[in-house]
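Here's the structure we're looking at; comments come further down.
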Amino acid sequence: MDSETFRRHGHEVVDWVADYLRDAGNYPVLPKVQPGQIRAQLPPQPPAGGEPMEAILRDFRNVILPGITHWNHPRWFAYFPANNSGPSILAELISAGLGVNAMNWQTSPAATELEERVMDWVRQMIGLPEEFRGVIQDTASTATLCALICARERASGFSVNRRGLPAWPAHRPFRIYASQEAHSSVEKGVRLAGFGSENLVKIPVDGKFAMDPAPLAAWIAADRASGYTPCAIVATVGTTSSTAVDPVPELARIALREGLWLHVDAALAGSAAILPEKRWLLEGCDGADSLVFNPHKWLFTNFDCSAFFVRRPEALTAAMSILPEYLRTDQDRQVTNYRDWGIQLGRRFRALKLWFVIRSFGVEGLQTKLRDHIAWAAEFAGWVDESPAFERLAPVPVNTVCFRFNPGKVKAEPAPEEELDRRNKALMDAVNATGRIFLTHTRLGGRYCLRLCVGQTQTRRDDVALAWELLQQCAGKLT
Ligand SMILES: *Cc1c(COP(=O)(O)O)cnc(C)c1O
């Protein structure tokens with residue numbers, strides 16, 4: 001592609017994205033497609049000769065777009081968001097244009113130094129102490145795996161990296177502790193780091209779905225007594241089901257007393273800590289060894305961008321660093337080489353989009369957005385609480401409301417739980433089938449419950465009100 005053709009299509013594509021961001025609300029949030037329907041429209045063999053951009057872009061519009069789930073729709077209330085914004089998209093375009101691989105300082109000094117600076121801004125924004133240093137990872141899952149590997153190496157005196165895992169069952173297996181509500185990425189990390197799922201102890205939660213520290217302390221003592229080696233605690237700040245917040249100050253005390261690594265998974269809720277009134281979310285995290293949160297969820301920075309902080313970066317680099325001759329450079333002693341801060345060697349230049357976003361919104365602009373989301377979620381929770389036909393199933397510390405349809409609640413004639421589960425599944429399917437909103441479900445204490453998470457860049461109060469209206473309408477038609 002010559003530069004004039006690139007320029008022409010570049011303008012066309014930027015125009016398309018600008019229209020898309022403006023009009024995303026006109027699409028059905030979930031596409032109405034059957035499994036295999038998109039693949040069937042794509043030729044089984046690659047083209048032998050090059051095709052014109054016109055044809056490629058036409059097929060994008062006609063074949064691909066109808067199969068897109070619109071994460072940046074203003075009425076996306078499902079899962080957690082993956083929101084984006086104009087400045088983030090522009091930075092991604094530049095980053096693609098530069099095609100930088102930010103593995104070493106030398107492979108792009110600006111990429112490394114911008115990442116250092118921007119991650120320190122983020123550290124200040126969420127109120128972590130100065131000793132924490134940050135690195136951008138692709139996802140929270142990867143960051144949690146890195147944290148677990150650090151914990152493993154520290155607990156084994158770096159012997160697993162050298163000699164591999166000891167043969168089972170001759171050794172004293174390591175134990176990792178997380179709550180029953182911890183994200184599946186914790187168990188995945190536990191598997192991949194070689195601990196084994198059976199050595200992940202899932203500590204019970206209290207009535208608010210947060211980890212109960214009393215059984216944790218008891219488990220650790222019992223594990224020591226029966227020949228296990230306690231290794232790490234993973235605390236969750238904002239669980240995926242209900243945004244419950246584990247008692248990190250208490251967990252930090254236990255970790256310190258027991259000599260365990262404390263990793264905090266604040267994937268969604270960490271963003272809210274940029275609000276002074278939500279700083280309490282990260283209370284106790286100054287005693288953590290590592291913390292991750294996702295600007296790609298709730299800080300207007302398009303996927304992927306995960307902020308990983310470690311209190312002692314040497315612990316991370318000691319576990320991750322490996323230096324073949326061809327990667328040595330003259331500056332190694334003076335600079336940060338982020339290849340030693342994670343799993344991959346090659347790294348995308350992600351700091352650029354975070355920098356564009358923070359500068360373009362300003363900290364206050366980001367705060368305003370998050371405050372709105374939190375206020376509208378609280379308002380929605382209020383509507384649920386006042387309704388005779390709905391009930392709330394969990395507290396709302398940030399932007400996610402867990403609730404269900406339960407028309408028997410006022411008459412104190414509750415329907416059997418299976419019946420309520422069935423009706424709430426039917427309600428979710430009905431509201432999602434309208435194409436006007438998208439929300440998802442979870443189970444809390446065994447009950448099927450609907451979740452509404454407010455976190456999209458374009459969402460307004462009216463969108464949340466419409467979700468409530470649709471839920472009531474569709475519930476009215478349920479048998
Ligand atoms: C979303 C989420 C994750 C996983 O995030 P990825 O960046 O997709 O790996 C981990 N933990 C919690 C609590 C989450 O909500």
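Read the numbers this way: they start at 1 and go in the same order the structure lists the ligands and their atoms.
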* To do: Assess the pair Trp16 and Tyr20: is the distance between their ring centroids shorter than 6.0 Å?
  => yes
* Of all the non-hydrogen atoms in the protein, which one sits nearest to atom 4 (C) of ligand 1, and at what distance? -> His183 CE1, 3.4 Å
* **Atom indices of ligand 1 within 4.0 angstrom of Gly238 heavy atoms, with elements** => 13 (C)
* Going by the angle between their ring planes, with limits at 30° and 60°, are Phe380 and Trp468 parallel, tilted or perpendicular? -> perpendicular
* Asked: Are any of the N or O atoms of Ser306 closer than 3.5 Å to those of ligand 1?
  -> no
* To do: Check if Asn294 has a non-hydrogen atom at a distance under 4.0 Å from any atom of ligand 1.
  => yes
* Asked: To which protein heavy atom is atom 9 (O) of ligand 1 closest, and what is the distance rounded to 0.1 Å?
  -> Ser141 OG, 2.5 Å
* To do: Taking the six-membered ring for Trp and the full ring for Phe, Tyr or His, determine whether the centres of His73 and Tyr27 are under 6.0 Å apart.
  => no
* **Mode of Ser185 contact toward ligand 1 - side chain, backbone, both, neither (heavy atoms, under 4.0 Å)** => side chain
* From the options Thr142, Thr139, Thr243, Val237, select the one whose nearest heavy atom is closest to atom 8 (O) of ligand 1. => Thr139
* Looking only at protein heavy atoms, identify the closest one to atom 14 (C) of ligand 1 and say how far it is in Å. => Lys297 NZ, 2.9 Å
* Asp265 and ligand 1 - part of the residue with a heavy-atom distance under 4.0 Å -> side chain
* Asked: Given the rule in the side chain to side chain donor-acceptor pair (under 3.5 Å) test, do Thr459 and His373 qualify, once you have shown the distances and angles that lead to the verdict?
  -> CA-CA 8 Å; Thr459 300; His373 293 160; 5.3 Å; no
* So is Arg175 actually on top of Tyr228's ring, under 6.0 Å and inside 45° of the axis? -> yes
* Do any N/O atoms on Leu268 end up under 3.5 angstrom from N/O atoms on ligand 1? -> no
* **Aromatic plane relationship, Phe403 with Phe390 - under 30° parallel, 30 to 60° tilted, over 60° perpendicular** => tilted
